[in-house]
Amino acid sequence: MTDATIPMVKAEEVRKHFGRLEVLKGITLEVGRGEVFCIVGPSGSGKSTFLRCINHLEKVDAGRLVVDGELVGYREDGGKLYELKEREVAAKREQIGMVFQRFNLFPHMSVLENVIEAPIRVAGIAKAAATERAVQLLERVGLADKRAAYPNHLSGGQQQRVAIARALAMAPKLMLFDEPTSALDPELVGEVLDVMRNLADEGMTMVVVTHEMGFAREVGDQLVFMDAGVVVESGRPRDVLTAPQHERTKSFLSKVL
């Protein structure tokens with residue numbers, strides 16, 4: 001039984017460099033279980049890099065990052081951190097679903113094949129069981145009638161909903177969303193946000209990098225404003241969005257609200 005008091009994500013002074021450029025400058029935050037944790041900020045502020053550090057798609061250079069009580073990508077021995085083998089990292093990554101800005105679907109596979117691929121190949125689930133679950137998930141995201149279609153025959157919103165179903169097919173305990181609506185035409189944004197709202201209602205822990213302030217206000221439990229690799233301000237979304245405390249937050253929100 002998992003201890004409900006342990007945060008799902010805990011970052012302590014997380015730093016990340018790309019060459020001489022320090023992209024994350026000591027990020028400290030906690031995401032509770034079942035929370036929708038929204039991260040907003042200008043381009044280049046480090047939001048997506050931090051998200052990718054959570055599932056070790058990017059390695060942190062300093063600090064600690066813990067998911068569900070376990071270090072991400074490392075083991076600790078005698079106070080020192082040792083990087084895990086790629087196979088061990090991949091096993092942990094299975095428990096963290098990720099939805100990207102671009103849908104990253106396999107173009108040569110049908111919708112159903114896209115959703116069952118990882119459960120069969122990575123998790124070793126029997127095809128019949130994986131298919132049954134995939135059909136349920138496609139129903140959940142409103143695409144049960146598209147299971148035989150190929151990605152290039154779908155709208156961007158439909159492709160993103162397939163990408164969400166594909167991530168859910170691995171039964172993750174945490175979902176990461178990296179600006180999931182920013183590549184969509186405006187009229188398609190709502191259908192993706194509706195799926196995310198339903199996930200939130202079901203208690204899925206979600207970390208969402210987004211420009212959708214309405215979604216953050218309505219659905220988010222916490223909101224962090226990041227700029228230049230640091231957390232400038234955090235709090236309840238309504239508080240931060242309606243009464244920001246920092247000039248940098250006020251300046252940013254005045255442009256996007």
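Computed over heavy atoms, backbone and side chain alike; hydrogens, waters and symmetry mates excluded.
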| query | Which side-chain hydrogen bond (donor to acceptor under 3.5 Å, both in side chains) pairs, counting each pair once, include a residue from residues 118-145, with sequence neighbours left out? | reply |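 Of all non-adjacent pairs touching residues 118-145, those that pass side-chain hydrogen bond (donor to acceptor under 3.5 Å, both in side chains) are E117-R121, R140-E202.
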
| Pair R75 + E88: basic N to acidic O under 4.0 Å |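 So R75 does not pair with E88 through a salt bridge.
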
Is any side-chain heavy atom of [Y] closer than 4.5 Å to one of [X]?
X: K16; Y: V60; answer: no
X: D239; Y: Q245; answer: no
X: I27; Y: V231; answer: yes
X: E191; Y: R161; answer: yes
X: E12; Y: V66; answer: no
X: P180; Y: E212; answer: no
X: V9; Y: L65; answer: yes

Contacts of [X] that satisfy side chain to side chain contact (heavy atoms under 4.5 Å, CB included) - sequence neighbours left out:
X: A123; answer: I125, M170
X: K250; answer: P244, E247
X: D185; answer: E187, L188
X: E218; answer: R197

| Residues which pass ring-ring contact (aromatic ring centres under 6.0 Å, His included) with F37, listed by chain and number, not counting sequence neighbours |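 Listed in chain order: nothing, the list is empty.
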
Within the side chain of [X], is there an N or O that forms a donor-acceptor pair under 3.5 Å with the backbone of [Y]?
X: T205; Y: G34; answer: yes
X: E30; Y: P7; answer: no
X: K47; Y: D178; answer: no
X: Q159; Y: L105; answer: no
X: D227; Y: S45; answer: no
X: N55; Y: R93; answer: no

Given the rule that I, L, V, M, F, W and Y join up when any side-chain heavy atoms are under 4.5 Å apart, are [X] and [Y] in one cluster?
X: L143; Y: V99; value: yes
X: V14; Y: L57; value: yes
X: V209; Y: V72; value: yes
X: M204; Y: V219; value: yes
X: L199; Y: V207; value: no

Would you compute the distance between atom [atom1] of [X] and atom [atom2] of [Y] and round it to the nearest 0.5 angstrom?
X: N198; Y: L193; atom1: CG; atom2: CG; answer: 11.0 Å
X: K173; Y: Q95; atom1: NZ; atom2: CD; answer: 3.5 Å
X: K92; Y: L71; atom1: NZ; atom2: CG; answer: 8.5 Å
X: L24; Y: R52; atom1: CG; atom2: CZ; answer: 12.0 Å
X: H153; Y: Q158; atom1: NE2; atom2: CD; answer: 12.0 Å
X: L138; Y: K146; atom1: CG; atom2: NZ; answer: 12.0 Å

| Going by the ring-ring contact (aromatic ring centres under 6.0 Å, His included) test, which pairs reach into residues 170-210, not counting sequence neighbours? |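 Every pair satisfying ring-ring contact (aromatic ring centres under 6.0 Å, His included) with a residue in residues 170-210: there are none.
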
| message | Applying ring-ring contact (aromatic ring centres under 6.0 Å, His included) as the test, list every pair that has at least one member in residues 68-118; sequence neighbours left out. | response |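 Every ring-ring contact (aromatic ring centres under 6.0 Å, His included) pair that includes a residue of residues 68-118, provided the two are not neighbours, is H56-Y74.
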
| message | Suppose we screen for side-chain hydrogen bond (donor to acceptor under 3.5 Å, both in side chains). Which residues come up paired with K25, at least two apart in sequence or across chains? | response |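 Checked K25 against side-chain hydrogen bond (donor to acceptor under 3.5 Å, both in side chains); zero matches.
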
| Does T49 have any side-chain hydrogen bond (donor to acceptor under 3.5 Å, both in side chains) partners at least two apart in sequence or in another chain, and if so, which? |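 Checked T49 against side-chain hydrogen bond (donor to acceptor under 3.5 Å, both in side chains); zero matches.
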
| query | In the hydrophobic cluster built from side-chain contacts under 4.5 Å, what are the other members alongside L84? | reply |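 Taking Ile, Leu, Val, Met, Phe, Trp and Tyr as members, L84 shares its hydrophobic cluster with V89.
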
| query | By the rule that ILVMFWY residues connect when side-chain heavy atoms come within less than 4.5 angstrom, directly or transitively, which residues belong alongside L241? | reply |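 ILVMFWY cluster around L241 also holds V40, M213, L223, F225, V230, V232, V240, F252, L253, V256, L257.
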
What pair of heavy atoms forms the shortest contact from [X] to [Y], and how long is it?
X: D221; Y: P237; result: O-CD, 3.5 Å
X: A148; Y: S110; result: O-CB, 3.9 Å
X: Q101; Y: S182; result: NE2-OG, 2.9 Å
X: R248; Y: P42; result: NH2-CG, 3.7 Å

| task | Determine, step by step, whether T181 and Q160 satisfy the side chain to side chain contact (heavy atoms under 4.5 Å, CB included) criterion, reporting the C-alpha distance in whole Å, the side-chain angles of both residues, the deciding distance to 0.1 Å, and the verdict. | result | CA-CA 8 Å; T181 59; Q160 194 60 294; over 6 Å; no

